[in-house]
There are 2 protein chains.
Amino acid sequence: MQRNPGARPRPVTIKDVAAEADVSLQTVSRVINDGPNVRPAIKERVLKAIEKLGYVPSLAARRMAGKKSYLLLALNDRDRTIEDWRSGDGTDWVDQMLLGGMLKCAEHGYRMIFELVDTHSSNVERELTSALGALHPDGVILTPPHGDNPTITNLLNERRIPFARIGSTRKGAGFGIAMDDATAAAAATAELARLGHRRIGFITGSLEYALSTDRREGYQRAVRAAGIEDDPRLIAQGDFTFESGEAATRELLSLPNPPTAILASSGHMSLAALEVAKSMGFRVPDDLSIISFDDTPIVKFSAPPLTAIRQPIAEMTARAAELLIKVNIGEPGPTKTQIVPFSLIVRSSTGPLKG
Amino acid sequence: MQRNPGARPRPVTIKDVAAEADVSLQTVSRVINDGPNVRPAIKERVLKAIEKLGYVPSLAARRMAGKKSYLLLALNDRDRTIEDWRSGDGTDWVDQMLLGGMLKCAEHGYRMIFELVDTHSSNVERELTSALGALHPDGVILTPPHGDNPTITNLLNERRIPFARIGSTRKGAGFGIAMDDATAAAAATAELARLGHRRIGFITGSLEYALSTDRREGYQRAVRAAGIEDDPRLIAQGDFTFESGEAATRELLSLPNPPTAILASSGHMSLAALEVAKSMGFRVPDDLSIISFDDTPIVKFSAPPLTAIRQPIAEMTARAAELLIKVNIGEPGPTKTQIVPFSLIVRSSTGPLKG
DNA sequence: CTGAAAGCGCTAACAG
DNA sequence: CTGTTAGCGCTTTCAG
């Protein structure tokens with residue numbers, strides 16, 4: 001029978017647990033924080049009381065009293081993220097980030113809070129300050145291009161808040177976590193060479209991104225290593241967008257001696273390559289092999305599904321969270337950039353050179 | 001010059017603001033909470049001090065002292081969400097939810113925290129209790145199928161935590177926010193009829209979902225309204241998956257008198273319809289028009305891009321957040337299910353009946 | 001209209 | 001090994 005009808009059940013606090021286990025507040029606190037100096041028998045009793053009462057410590061109270069907030073802040077670029085969401089463009093960056101970050105946080109009793117900040121505006125500082133002030137996170141995860149934004153990294157550094165820079169290979173405060181773009185591009189190129197291709201086209205990304213250059217260099221390195229044609233006309237300029245991919249592909253396939261394989265630096269450009277190739281009468285993969293740099297959903301469901309380099313976004317974020325949590329329990333942070341391995345997913349857009 | 005080298009800048013608190021503005025703590029508190037009884041002149045002074053110091057109230061402290069936490073909790077099904085992320089299957093449910101929910105929360109100074117709970121297991125209660133205990137959210141947003149889970153809704157109801165049930169049209173505690181699936185299916189069917197199609201195929205979703213039935217009924221209603229063929233063989237059973245879509249399409253297109261248009265109840269099934277049609281020699285849209293129920297990224301980037309019914313996920317989540325925030329400031333919650341309009345996005349997979 | 005006091009749930013520092 | 005005492009930054013009474 002309901003003793004107090006209509007009453008909102010009062011949330012159970014550390015006091016209730018202490019009373020139930022007949023110990024002091026402090027002892028309960030020690031137990032939940034895995035502190036030293038608690039006799040096993042007592043610990044047992046406290047644990048039993050916690051279990052019985054269904055007690056869960058309040059994050060807010062812990063943060064108020066202690067130094068830890070059990071919160072990690074993941075920062076993404078507002079405009080780009082919202083635009084991606086609005087257009088439904090098939091980028092699953094955020095999802096992969098949540099997959100890696102949230103689950104890793106949960107493992108350690110942490111929570112990942114996802115925030116958008118406007119990097120380009122002069123408000124970064126205000127926005128970041130405000131998020132830090134409201135949340136007091138124990139660490140921050142910066143996604144590209146935030147990791148290379150000095151306003152952000154300096155602010156974080158001044159406040160002594162540990163942070164991870166995803167996709168950033170520069171030296172500096174915090175620590176970088178990235179994949180090896182050059183080697184990935186080289187691996188894709190080598191795969192194409194292995195299939196017998198000797199004329200391999202490459203569509204670059206925006207050159208303002210360091211990784212675009214890295215990828216091109218990896219491609220060139222592999223081309224030379226394979227001893228195949230190193231024709232500058234096989235490199236076309238793109239900017240990651242579908243439209244730029246169309247133009248670049250048209251350029252490549254209109255060459256007197258067109259490539260038999262193309263490596264494109266983004267999912268959208270790869271899809272564009274596929275469409276243009278089809279419209280120009282090239283069959284994929286019989287006449288033209290295509291590899292996508294980005295393993296987004298849209299390249300898996302194209303016809304044919306594309307062979308792709310998979311960026312380890314979830315893994316990088318998980319690593320970031322893990323390291324940040326470690327730093328928080330006093331362990332030293334990494335001293336050099338963490339390199340996380342990519343992988344090459346072979347699907348039906350690549351095949352041996354015909355003829 | 002740095003006055004205190006190496007010192008972590010002490011975060012600015014309400015005290016600092018009070019001192020700066022030469023008023024009491026409470027006055028500052030009143031200003032930030034838009035409380036009554038503050039002379040404009042004083043309010044002005046406080047605001048100036050806040051601005052100058054870059055003060056942001058601590059969420060944790062506010063939650064400790066007051067009743068509000070400025071947090072909304074969005075609950076998704078753990079297994080399904082993780083599986084979608086892992087497989088990169090092109091569902092952008094979470095993204096759309098974040099788009100609508102986070103932005104709306106931000107508008108009101110709230111934060112949306114995203115959590116995964118295991119609906120199927122017997123742990124729901126424990127997991128939910130634990131999230132509520134740690135966070136003390138001011139409201140909860142339930143995504144399908146959580147809104148129809150009595151364990152969850154009862155728990156929330158007992159604790160007097162306001163909650164929204166997205167995609168749930170049942171009566172009960174909290175409030176439902178959904179789209180009109182039947183009308184949406186009818187609209188798509190009507191569009192096909194308008195284009196001159198008289199044999200329109202329909203691929204259902206799993207019949208364990210109420211919305212599958214709703215959609216089929218909407219389709220049938222529109223078929224009759226258009227006075228076109230109401231052939232039961234034109235309805236094929238699917239379960240939302242790509243594979244089931246392949247089988248259903250094959251079945252439909254192998255009919256002695258195959259449909260000239262197909263409405264499929266999921267993005268994956270629509271893509272399957274496209275592939276099977278192509279492989280069987282049907283040109284889309286010349287020989288067969290296709291409409292997808294779900295406007296996910298993968299159906300926008302197919303060749304041709306698919307005409308689709310867009311579910312207003314972002315809008316529903318935004319509405320949910322808005323209503324929960326309203327309830328929190330004392331306004332009454334809605335008394336009946338909120339219906340949010342869908343839309344039909346016409347792309348290149350639909351065309352007039354040929355011949 | 002404004003201020004002073006009390007306390008939210010927890011941890012840090014110190015006693016015992 | 002365990003308990004006591006003070007706050008954390010803020011909102012809530014309740015006085016003025």
Side-chain angles (χ1 to χ4, degrees), chain A residues 8 10-46 49-50 53-71 109 130 132-136 138 328-330, chain B residues 8 10-46 49-50 53-71 109 130 132-136 138 328-330:
Chain A
R8 181 184 201 135
R10 197 178 51 77
V12 11
T13 75
I14 196 171
K15 269 188 189 162
D16 304 314
V17 178
E20 173 76 25
D22 199 33
V23 293
S24 71
L25 292 189
Q26 198 39 237
T27 303
V28 179
S29 176
R30 283 190 185 106
V31 171
I32 50 187
N33 292 300
D34 247 336
N37 300 343
V38 185
R39 252 183 313 176
I42 301 245
K43 181 168 183 176
E44 184 67 20
R45 218 162 72 207
V46 171
I50 289 178
L53 267 31
Y55 167 72
V56 184
S58 155
L59 266 193
R62 294 183 101 175
R63 132 87 187 101
M64 284 295 293
K67 322 188 193 316
K68 290 198 280 190
S69 66
Y70 298 91
L71 253 31
S130 145
L132 297 179
L135 268 12
H136 299 274
D138 289 342
N328 258 280
I329 52 179
Chain B
R8 182 186 201 133
R10 198 178 51 77
V12 10
T13 74
I14 196 171
K15 270 188 190 161
D16 304 313
V17 178
E20 174 74 27
D22 198 33
V23 293
S24 70
L25 294 190
Q26 314 12 308
T27 304
V28 179
S29 177
R30 282 183 188 111
V31 171
I32 48 189
N33 292 301
D34 248 336
N37 299 344
V38 184
R39 253 180 314 176
I42 301 241
K43 182 168 181 176
E44 184 67 19
R45 217 163 72 207
V46 172
I50 289 178
L53 267 33
Y55 166 73
V56 185
S58 154
L59 267 193
R62 294 182 101 174
R63 133 89 187 98
M64 284 294 292
K67 321 187 191 317
K68 290 198 280 188
S69 65
Y70 298 92
L71 251 33
S130 145
L132 296 178
L135 267 11
H136 298 274
D138 289 342
N328 259 280
I329 52 179

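Naming convention: chains lettered A, B, ... in sequence-line order (proteins, then strands); numbering from 1 in each chain. None of the values given here were measured: they were computed from a predicted structure.
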For residues 15-22 of chain A, please give each side-chain donor-acceptor pair under 3.5 Å, one per line with the distance, not counting sequence neighbours.
| from | atom 1 | to | atom 2 | distance (Å) |
| --- | --- | --- | --- | --- |
| A:D16 | OD1 | A:R10 | NH2 | 3.2 |
| A:D16 | OD2 | A:T13 | N | 2.7 |
| A:E20 | OE2 | A:K52 | NZ | 2.9 |

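- Residues in residues 53-66 of chain B take part in no salt bridge (charged side-chain N to carboxylate O under 4.0 Å, His left out) pair, two or more places apart or across chains.
- Whole-Å rounding puts the A:L53 CG to C:dG9 C1' distance at 15 Å.
- For B:A65, the side-chain contact (heavy atoms from CB on, under 4.5 Å) criterion is met by no residue, not counting sequence neighbours.
- B:S29 pairs by the side-chain hydrogen bond (donor to acceptor under 3.5 Å, both in side chains) definition with B:N33, not counting sequence neighbours.
- Atoms CD1 (A:I50) and C1' (C:dC10) sit 13 Å apart, rounded to a whole Å.
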At under 4.0 Å between heavy atoms, how does the protein contact nucleotides 9-16 of chain D? Give one character per nucleotide, 5' to 3', with B, S or -. BBBB----
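- When the side-chain hydrogen bond (donor to acceptor under 3.5 Å, both in side chains) test is applied to B:S58, no partner is found at least two apart in sequence or on another chain.
- For A:N328, there are no side-chain hydrogen bond (donor to acceptor under 3.5 Å, both in side chains) partners, not counting sequence neighbours.
- Between A:D138 atom CG and A:I329 atom CD1 the span is 11.5 Å, to the nearest 0.5 Å.
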Just the dot-bracket of DNA chain C, please: which string comes out with Watson-Crick or G-U pairs under 3.5 Å, [ ] for crossing, | for another strand? |||||||||||.||||
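- Residues that satisfy the side-chain contact (heavy atoms from CB on, under 4.5 Å) test with B:V31, not counting sequence neighbours, are B:V38, B:K43, B:V46, B:L47.
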